[in-house]
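Here's the structure we're looking at; comments come further down.
Convention: sequence-line order gives letters A, B, ...; per-chain numbering from 1. Computed from heavy atoms alone, side chains included, the values below leave out hydrogens, waters and symmetry copies.
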Number of protein chains: 2
Amino acid sequence: MARPKLHDVAARAGVSVTTVSRVLNNRGYLSDDVRARVGAAIDELGYRPDAIARSLIRRRSGLIGVIVPTVADPFFGELVAAIEHGLAERGYKTLLCDCQENPEREAEYLDLLQANRVDGIVTSTHNRGVTAYEDADLPIVAVDRRVGGGIPIVRGDNRTGGRLATEHLLARGARAPVLVTATDHEGNDRAASYREVMASHGLAPRVRAYGYSTGIDERRALVETWLSETAADGVFATDDLTALMALEWAHKTGRSVPGDLRIVGYDGSAVVRWGMPGLTTVIQPIARLGRRAADLVADRIEDPERLTPAEPPLPVELRLGWTS
Amino acid sequence: MARPKLHDVAARAGVSVTTVSRVLNNRGYLSDDVRARVGAAIDELGYRPDAIARSLIRRRSGLIGVIVPTVADPFFGELVAAIEHGLAERGYKTLLCDCQENPEREAEYLDLLQANRVDGIVTSTHNRGVTAYEDADLPIVAVDRRVGGGIPIVRGDNRTGGRLATEHLLARGARAPVLVTATDHEGNDRAASYREVMASHGLAPRVRAYGYSTGIDERRALVETWLSETAADGVFATDDLTALMALEWAHKTGRSVPGDLRIVGYDGSAVVRWGMPGLTTVIQPIARLGRRAADLVADRIEDPERLTPAEPPLPVELRLGWTS
DNA sequence: CTGAAAGCGCTTACAG
DNA sequence: CTGAAAGCGCTTACAG
């Protein structure tokens with residue numbers, strides 16, 4: 001038999017569809033007898049309410065759009081896993097939008113999500129200039145990204161992270177540590193802290209930005225060029241992959257680590273935490289970030305009036321390895 | 001104004017909703033005049049068809065459920081990214097189900113996906129015994145997993161991968177290479193190849209399985225115990241994280257790599273390919289696996305009659321690093 | 001070439 | 001305590 005519908009359950013139980021619906025939603029008064037008969041009919045037919053029809057009426061799809069650069073990146077993979085778990089616990093489903101570093105795709109996804117009547121959005125891309133968020137008229141939460149329009153931001157404590165990393169490099173004897181980051185815009189708190197710490201020690205900052213859309217091989221080439229050009233004796237990479245590239249370059253060029261070059265990364269996703277204990281890195285609370293973002297968007301859906309004070313940044317932690 | 005609906009567009013253009021719908025779907029004959037007026041009204045109102053209402057009528061949600069152990073694992077993160085891109089290109093949306101190693105959650109998700117009328121499912125968990133797939137009555141594609149019930153499997157060439165890894169270890173002089181894998185069941189082609197190659201060289205196989213649900217620290221402890229117990233001079237780990245654990249253990253215990261211990265991993269996800277060029281590993285065609293799974297499920301949705309011959313396994317590649 | 005009407009599978013006031 | 005009817009926002013035969 002084809003998928004049973006409400007009508008079939010009603011016929012089987014000998015009641016109206018209204019009544020079945022009420023049993024389903026546990027709404028209004030119902031005699032035990034009816035309740036039991038309907039329940040039996042549901043079980044016998046293996047009936048499951050059609051979520052699409054429900055969404056149409058309730059004007060709530062139960063879907064949350066989750067927009068990320070790409071889950072192929074371990075940081076975002078771990079983040080999305082945490083977001084998904086948080087959302088599932090609150091009864092929401094995750095519509096994944098993996099848009100790479102492409103602002104066009106992000107704008108398309110934003111459109112698609114609204115057409116699909118998602119109840120809310122969690123976004124964590126780095127694309128600047130995608131302004132469509134501001135007139136989206138639904139709960140949005142950003143992760144470590146300024147979107148504008150009063151959209152709350154969940155993030156790790158980048159100021160502290162940047163400070164810990166830089167101070168650590170200096171404490172280990174570096175005098176010319178270079179900062180390698182994706183983009184050096186004013187919202188980059190890790191870079192801001194690096195500059196502050198360098199200044200407070202009377203050292204000149206060396207900041208290099210490879211750009212988010214730069215291919216991986218090109219990025220590696222840039223990193224290698226910068227490291228030799230700047231005669232760096234330390235690297236603070238604002239992501240672990242870049243830190244690993246620096247490590248590899250040191251091996252290739254016969255430099256000792258940490259003797260000649262001290263290396264500190266950032267993020268501390270699972271593969272780094274468990275597989276590369278030697279890498280000194282700033283560990284972000286990835287699971288907490290994801291869970292908080294999920295809770296926040298669910299809160300705002302369920303209570304749109306709720307005031308959302310600025311989110312305090314979540315604590316990061318410097319893990320020491322042998323690279324520094 | 002609230003979100004405009006078909007009715008509003010029709011009123012503005014001075015036509016019926018039927019006509020607007022036809023313009024939207026480019027269906028039937030339409031005068032250029034009407035087409036233009038409706039188009040203008042759509043633009044002026046910023047109208048976007050409600051995907052939920054469409055799904056209800058068409059009985060096609062355009063959603064595909066993607067079930068994975070967890071996207072926090074780089075292999076699955078990269079796989080899901082590829083699946084998502086493939087699906088998006090075919091016009092489908094990705095409903096992400098991140099169920100960890102929990103068979104219960106997987107069964108729940110399977111239920112939820114059907115309630116949400118997904119058009120198809122791509123699954124890649126390792127849970128055995130979740131049999132509900134067989135009576136799901138919708139297109140399903142598995143990635144590197146036997147689900148049963150004639151469900152097609154997209155996978156890398158595990159036999160060749162296992163053979164390459166094992167032969168390489170032996171070629172490098174290992175005489176007691178141990179296989180460390182998640183589960184040593186009969187469907188494990190990597191293990192089968194390992195055994196074959198060992199046998200053909202007259203060597204006794206040493207297989208150790210840590211189990212999917214084992215915690216990461218416990219797994220590390222097991223790996224370390226096994227390596228010392230078996231007096232291994234080589235390791236074939238069927239995933240890269242485990243290979244990295246072996247590497248770490250060698251460092252900790254003062255063994256030289258590859259002198260005392262040759263190490264080969266498996267998977268070659270982005271972080272390993274780009275960040276750890278030193279690890280010898282079998283690189284899976286992760287992007288191709290994802291894309292193929294996406295195309296296959298889309299094909300089966302769009303042409304249910306289509307015969308699906310067994311999928312040929314996709315080629316893997318042994319990358320040489322300094323660990324072997 | 002265009003429109004009125006029925007219907008996708010549910011929920012929810014409103015009666016009774 | 002239960003049911004008939006309207007309606008969520010669309011699409012699609014069927015008329016004209």
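- When the side-chain nitrogen and oxygen atoms of A:Arg58 are compared with OP1 and OP2 of C:dT11, one or more of them lie within a distance under 4.0 Å.
- Shown here, C:dA4 forms no base pair; nothing in the strands shown gives a Watson-Crick or G-U wobble contact with both key distances under 3.5 Å.
- Here C:dA5 presents its C1' atom at 16 Å from NE2 of B:His7, a figure rounded to the nearest Å.
- Checking A:Val15 against A:Leu56, the closest nucleotide of DNA chain D that is more toward the 5' end is the one next to A:Val15.
- With respect to A:Glu106 and A:Arg145, a salt bridge is recorded, a charged nitrogen being found less than 4.0 Å from a carboxylate O.
- For B:Thr18, whose side chain is taken as the heavy atoms from C-beta onward, the closest listed nucleotide among D:dG7, D:dT2, C:dG3 is C:dG3.
- Checked against C:dT12, C:dA5, C:dC8, the side chain of A:Ser21 finds its nearest nucleotide in C:dT12.
- Distances shorter than 4.0 Å separate some side-chain N or O of A:Tyr47 from OP1 or OP2 on C:dC10.
- Each of B:Arg22 and B:Pro49 has a nearest nucleotide on DNA chain D; the 5'-most of these lies closest to B:Pro49.
- The pair B:Lys93-B:Glu84 does not meet the salt-bridge criterion, since no charged nitrogen lies less than 4.0 angstrom from a carboxylate oxygen.
- To the nearest 0.5 angstrom, A:Asp295 atom CG is 9.5 Å from A:Glu302 atom CD.
- OP1 or OP2 of C:dG3 has at least one side-chain nitrogen or oxygen of B:Ser16 nearer than 4.0 Å.
- In this structure, B:Ile121 and B:Val66 have side chains that are not in contact, with every pair of non-hydrogen atoms separated by 4.5 Å or more.
- Residue B:Thr19 places none of its side-chain N or O atoms closer than 4.0 Å to OP1 or OP2 of C:dT2.
- Atom CG of A:Asn26 is separated from atom C1' of C:dT11 by 15 Å (rounded to the nearest Å).
- Listed candidates were D:dT11, C:dG9, C:dT12. Nearest to the side chain of A:Ala53 is C:dG9.
- Between B:Ile52 atom CD1 and C:dC10 atom P the separation is 14 Å, expressed in whole Å.
- When distances are taken from the side chain of B:Lys5 to each of C:dT2, D:dC10, C:dT11, the shortest belongs to D:dC10.
- Of the candidates C:dG9, D:dG3, C:dT2, the closest approach to any side-chain atom of B:Arg59 belongs to C:dG9.
- Along DNA chain C, the nucleotide nearest B:Arg117 and the nucleotide nearest B:Arg35 are compared for position; the residue whose nucleotide lies closer to the 5' end is B:Arg35.
- Side-chain contact between A:Val80 and B:Asp98 is absent, with no heavy-atom pair separated by less than 4.5 Å.
- Distances shown here put a side-chain N or O of B:Arg54 below 4.0 Å from the OP1 or OP2 atom of D:dT11.
- The distance between atom CG of A:Asn25 and atom P of C:dT12, rounded to the nearest whole Å, is 6 Å.
- An OP1 or OP2 oxygen of C:dT2 is reached within less than 4.0 angstrom by a side-chain nitrogen or oxygen of B:Ser31.
- If you take CZ of A:Arg27 and P of C:dC14, they are 12 Å apart, rounded to a whole angstrom.
- A straight line from CG of A:Leu6 to C1' of C:dT12 spans 13 Å, rounded to a whole angstrom.
- As a whole-Å value, the separation of B:Ile57 CD1 from C:dC8 P is 9 Å.
- Residue A:Asp50 places its side chain closer to C:dC10 than to any other of C:dG3, C:dC10, D:dG9.
- We find that CG of A:Asp33 is positioned 12 Å from P of D:dC1, with the value rounded to whole Å.
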Apply salt bridge (Lys or Arg N to Asp or Glu O under 4.0 Å) to A:Arg48 and B:Asp111, showing your working. CA-CA 9 Å; A:Arg48 295 193 57 30; B:Asp111 233 41; 3.1 Å; yes

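- Of all nucleotides present, none satisfies the Watson-Crick or G-U wobble test against D:dA13 with each distance under 3.5 Å.
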